Protein chains: 2
Amino acid sequence: MNKNDLRVLKTKQNIHLTLTNLLKKKPLPQIKVTELCKLANINRGTFYFHYQEVGDVFKEFFEEIMMDLRESYNEPYRHTKYIEREKLDPKTVRIFHHVQKYEEFYRIILSKEVSAEYYYMLFDEIRSILVEDKYTAHLKENYLYSYSSNAIIGLIIEWYRRDFQESADEMNIHLVNILKLC
Amino acid sequence: MNKNDLRVLKTKQNIHLTLTNLLKKKPLPQIKVTELCKLANINRGTFYFHYQEVGDVFKEFFEEIMMDLRESYNEPYRHTKYIEREKLDPKTVRIFHHVQKYEEFYRIILSKEVSAEYYYMLFDEIRSILVEDKYTAHLKENYLYSYSSNAIIGLIIEWYRRDFQESADEMNIHLVNILKLC
DNA sequence: TATTTAATCGAACAATTGTATATTAACTAT
DNA sequence: ATAGTTAATATACAATTGTTCGATTAAATA
């Protein structure tokens, strides 16, 4: 399968567009291969030629989101008015702005109906960002990275469950408050 | 449906036993309703009379595990030699001993193939334990509970990925080290 | 013990899945 | 522009799912 073949590009683009539209109407686990193909006007065999299940298409969206997450983190800290530079790496908290940007995707990723795979993809991404960070690179306690990564996700879960009512900046305040308490 | 009816008890017991055996051979998502019923010698209609999917049976195991988790946490601290009483609520770290006890179940709960639902069931349980804890009851920052609960699960995820090589006591040491660093 | 209740069964149903194969159409490279 | 390649198609298949139905039978109850 040549991913530069125009037919492949068109098919995948078609599937992506159709899935995006479907996700506005129903949750990911309810979207069947049959339905997706019917709407995209492609043969079901063609779908299985490229993917194993609908979730695999979603994973391709996921890659883009994870790229933005990484970029968000590496962005210079222009928005750190609430953060005390000495006490906390301000970059960390750019994560909330990223989540806000992709809110609709995070509603899917964090919903309990989907596979846990997406959760761990997010976890791995955040963890590897923390590992590569120079601020914490000196630390020997390896468990700390999993601890911290998942702690941040804990905040995002809570935020999601409150329907993303707070702003990203307010989430930063919550994080700072917590780090003060610990 | 009367859950005290002998027939119901027998059927459920039968299904539980069969699923337990099947889980020794293959991962949860690969276990089909048809297969489970065939092995249990019950009608597929009977299964759907009690459950919606195989995962619902697993959830009944889950309830028992969560009960033990709660009990573990409320246990008096007899095993706290590594913990400095003043700095850390020692009960928290009884969680690792509980995970060790139910290791085989946590391998399923934490595997990426299953639904995220189990993860959130674990999260909710740990979170509500922390919320009800008198040590932290005075705290106003509600996000802290989600932060801390998920941080602990982060350690468990790391532990799971290292194939539970460390002992529960060693996990306590990791936790103490991390809390010292923060 | 006899009667009532309801759990279980057997069978059938449409829908979806996952796979396979031969054919057609579209693309690439020369 | 042509030939070779291969993605996409149409079609068929067995297996599983989720649901429904009346018939059966085991259990509760009086």
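Here the structure is a predicted model, which is why all the values come from computation and not from measurement.
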**Student:** What's B:Asn14 touching, base or sugar-phosphate or nothing? Going by heavy atoms closer than 4.0 Å.
**Tutor:**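 Counting heavy atoms under 4.0 Å across all strands, no contact is made by B:Asn14.
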**Student:** Give a yes-or-no answer on whether the side chains of A:Tyr119 and A:Asn150 include a donor-acceptor pair shorter than 3.5 Å.
**Tutor:**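 Result is yes, a qualifying pair exists.
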**Student:** Quick one about B:His174 and A:Asn142 (side-chain donor to acceptor, distance below 3.5 Å, no hydrogens or angles considered), yes or no?
**Tutor:**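 Absent: no donor and acceptor within the cut-off.
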**Student:** With a 3.5 Å cut-off and no angle check, do the side chains of A:Glu64 and A:Tyr102 form a donor-acceptor pair?
**Tutor:**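 The criterion, which ignores hydrogens and geometry beyond distance, is not satisfied for A:Tyr102 and A:Glu64.
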**Student:** For every nucleotide of nucleotides 3-16 of chain D, 5' to 3': is a protein heavy atom under 4.0 Å from its base (B), only from its sugar-phosphate (S), or from neither (-)?
**Tutor:** ---BBSBB-B---S
**Student:** Could you tell me the separation between the OH atom of B:Tyr51 and the P atom of C:dT8, rounded to a whole number of Å?
**Tutor:**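 Answer to the nearest Å: 10 Å.
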**Student:** Could you spell out the base pairing of DNA chain C as a dot-bracket line? Use Watson-Crick and G-U wobble contacts where both distances are under 3.5 Å, [ ] for crossing pairs, | for partners on a different strand.
**Tutor:** ||||||||||||.|||||||||||||||||
**Student:** What integer distance in Å separates B:Lys3:NZ from C:dT5:P?
**Tutor:**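 Distance check: B:Lys3 NZ to C:dT5 P gives 23 Å.
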**Student:** Using modelled atom types only, decide if a donor and an acceptor are shared between the side chain of B:Ser128 and the backbone of B:Glu125 within a distance under 3.5 Å.
**Tutor:**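 Yes; judged by distance alone, with no hydrogens or angles, the pair exists.
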**Student:** When you compare the side chains of A:Tyr145 and B:Glu158, does any donor N or O come within less than 3.5 Å of an acceptor on the partner?
**Tutor:**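 Judged by distance alone, the side chains do not pair up.
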**Student:** Could you tell me whether the side chains of B:Gln100 and B:Tyr106 share a donor-acceptor contact shorter than 3.5 Å?
**Tutor:**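 The answer is no; no qualifying pair exists.
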**Student:** D:dT17 P sits how many Å from B:Asp56 CG, rounded?
**Tutor:**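 Roughly 13 Å, once rounded to whole Å.
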**Student:** Count the heavy atoms of every other residue, nucleotide or ligand shown that sit under 6.0 Å from CD of B:Gln52, and state whether that count exceeds 12.
**Tutor:**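 Atom CD in B:Gln52 is not crowded, with 12 or fewer foreign heavy atoms closer than 6.0 Å.
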**Student:** OP1, OP2 of C:dG18 versus side-chain N and O of A:Tyr48: anything below 4.0 Å?
**Tutor:**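 It does, given that an N or O in the side chain of A:Tyr48 lies less than 4.0 Å from OP1 or OP2 of C:dG18.
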**Student:** For B:Asn4 and B:Gln52, find the nucleotide of DNA chain D closest to each by heavy atoms; which residue's nucleotide sits nearer the 5' end?
**Tutor:**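 Going by which nucleotide is closer to the 5' end, it is B:Gln52.
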**Student:** Determine whether the side chains of A:Asp133 and A:Tyr73 contain a donor N or O and an acceptor N or O closer than 3.5 Å.
**Tutor:**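 Yes.
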